[in-house]
Amino acid sequence: MDFTFTEEQQAAAEAARAVFGGVSADGVPSPALVPGAVAEDLDRPLWGRLADADLLSLLLPVERGGAGLGPIALCLVLREAGRVLARVPLLETSAAAFVLGAYGGAATGPLLDGIGRGELVVTAAAQGRTGHDAPELAVTARQDSDDHWILDGQQTAVPWAPTADRILLPAHAGDGRTILALVPPGRPGVTLEDQVSTNGERYARVTLDAVRAGQDEVITADGAWARLRELLTVGTCALALGVGEAAARMTGDYTSKREQFGFPLATFQAVAVQCADRYIDLRAMEATLLQAAWRVETATAHEETGTLPEAGALPVAADIAVAKVWASEGVRRVVQTAQHLHGGFGADTEYALHRYHAWAKQLELSLGPAAAHEEALGDLLAAHPLS
């Protein structure tokens, strides 16, 4: 078996490293020092550079000018974004673009063009009403006499909602289906209530009161919501991996230079053992992430070709759950060890490490903590007993 990345995937990662190479993790006020959000808007200059490098069109269909790549390439790019704490909705917009391109039909063409050029920012709502309930049940959808969809409900912690041009959100139809609706934040009936995330970004609680959506703004295809949730989850794991790797590198640099009793901290056995444990965490995060991304990518390929995937012991959701368990617990352990080995210096707000700790906590809990995914994995194991 060949585990190397394709030339296109490697090129995407190299382009991402070039774009994110000039990004500073402390380019905005510290979330520990400001009472609200660290900034009112996303990093627009960086967003423009991502568009110029064709990284916003990475997952768009080739016929729409995109690269036609899949979740693996996206995760390689998001990993680089996590390393510098990039303040852009790259995950949400890319996941939405992928779903719109795969399930949205011809009417989504102009939207995809705008996304690829960086002119349209799309975010996704996937936390439900409270962050602990099913997101697809938080909003109801019904059709009126004019064949429009009427949306009612609430989604909490929607990232980048105050500055996004569209919000892609799941809704529960009367016949039991889950549809996806693409709603402008300024549409009548849509109310945004500011929220601030753990890492200091502007989020919003989105309330919909009899919001009308046309047929061209709704995706009713089977599997669209599941694919969106899968992409958001594996993408969150990729960001967590990047955050963890950056924190680990900062710790390695610090302990190699900081001396006690005339020797670098890195030469002490207790320090080396802790760093080795965190290295194992990072490699496990990487392996489970790539396994989950590969499962999503191959499942998508089978959908597009109409072929049946090879029979596996567990469905794709199991690999995603395993990846999120490792991402949540792994990134938490990595930043905690980093803070510990830095001593008091790790709490200095003029040093970037505390920012990585805040991002790690945000990513650990986003789309469900480890315990929630362990429960989901248990349910899958019960439903698909291993022989």
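Residue numbers run from 1 in the order of the sequence given.
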**Study point:** Side chains of R283 and R278 in contact at under 4.5 Å (non-hydrogen atoms)
**Key:** no
Point to revise | Side chain T267, main chain F263, donor-acceptor under 3.5 Å | key: no
**Study point:** Side-chain heavy-atom pair D43, P45 within 4.5 angstrom cut-off
**Key:** yes
Review point. So, for V196 and G36, which heavy atoms are closest and what is the spacing to 0.1 Å?
Key: CG1-O, 3.8 Å
Check your understanding: Any donor and acceptor pair, going by atom type alone, linking the side chain of T123 with main-chain N or O of W160 inside 3.5 Å?
Key -> no
Review point. Any ion pair linking E136 and R229 (charged N to carboxylate O, less than 4.0 Å)?
Key: no
Review point. Would you say the side-chain atoms of D152 pair up with the backbone N or O of A210, donor to acceptor, closer than 3.5 Å?
Key: yes
Check your understanding: Just by distance, with hydrogens left out, do Q339 and H357 show a side-chain donor and acceptor under 3.5 Å apart?
Key -> yes
Practice item. Could you tell me whether the side chain of R87 and the main chain of V38 form a donor-acceptor pair under 3.5 Å? Key: no
Point to revise | Heavy-atom pair of closest approach, residues L380 and P315 | key: CD2-CG, 3.8 Å
**Study point:** Salt-bridge criterion met for R49 and D52 (N-O under 4.0 Å)
**Key:** no
Review point. What pair of heavy atoms forms the shortest contact from V234 to A292, and how long is it?
Key: CG1-CB, 3.9 Å
Revision key, fill the gap. Value for OH (Y356) from CG (L85), rounded to nearest 0.5 Å, stands at 4.0 Å
Exercise for review: Give a yes or no on whether the backbone of Q9 and the side-chain of T6 come within a donor-acceptor separation of less than 3.5 Å.
Suggested key: yes
Check your understanding: Any side-chain heavy-atom pair from W359 and T198 closer than 4.5 angstrom?
Key -> no
Review point. Do P369 and K324 come close enough that some side-chain heavy atom pair is under 4.5 Å?
Key: no
Exercise for review: Report yes or no: does E364 contribute a side-chain atom to a donor-acceptor pair with the main-chain N or O of R332 at less than 3.5 Å?
Suggested key: no
Review point. With H354, which of D26, T349, V335 fulfils side-chain contact (heavy atoms from CB on, under 4.5 Å)?
Key: T349
**Study point:** Closest contact, heavy atoms only, T130 versus T156
**Key:** C-CG2, 3.7 Å
Practice item. Identify the two heavy atoms, one from L265 and one from L341, that lie closest to each other, and give their separation to 0.1 Å. Key: CD1-O, 4.2 Å
Practice item. Compare every heavy atom of A238 with every heavy atom of L78, then report the nearest pair and how far apart it is. Key: CB-CB, 3.9 Å
Review point. Distance-only, no hydrogens or angles: does the H340 side chain make a donor-acceptor pair with backbone N or O of Q336 under 3.5 Å?
Key: no
Exercise for review: In plain terms, say whether R212 and E217 are close enough for a salt bridge, that is, a side-chain N and a carboxylate O under 4.0 Å apart.
Suggested key: no
Review point. So, the side chain of T93 versus the backbone of V122: is there a donor-acceptor pair under 3.5 Å, distance only?
Key: yes
Point to revise | D194 side chain near R202 side chain, heavy-atom distance below 4.5 Å | key: yes
Practice item. Give a yes or no answer on whether the side chain of Q274 reaches the backbone of T337 with a donor-acceptor pair at less than 3.5 Å. Key: no
Exercise for review: Check whether NZ of the Lys or CZ of the Arg R205 lies under 6.0 Å from the centre of the six-membered ring of Y203 and within 45 degrees of that ring's axis.
Suggested key: no
Revision key, fill the gap. Residue set satisfying ring pair (Phe, Tyr, Trp, His ring centres under 6.0 Å) with F345, at least two apart, ordered chain then number -> Y254, Y351
Point to revise | Close side-chain approach of V121 to L42, heavy-atom, < 4.5 Å | key: yes
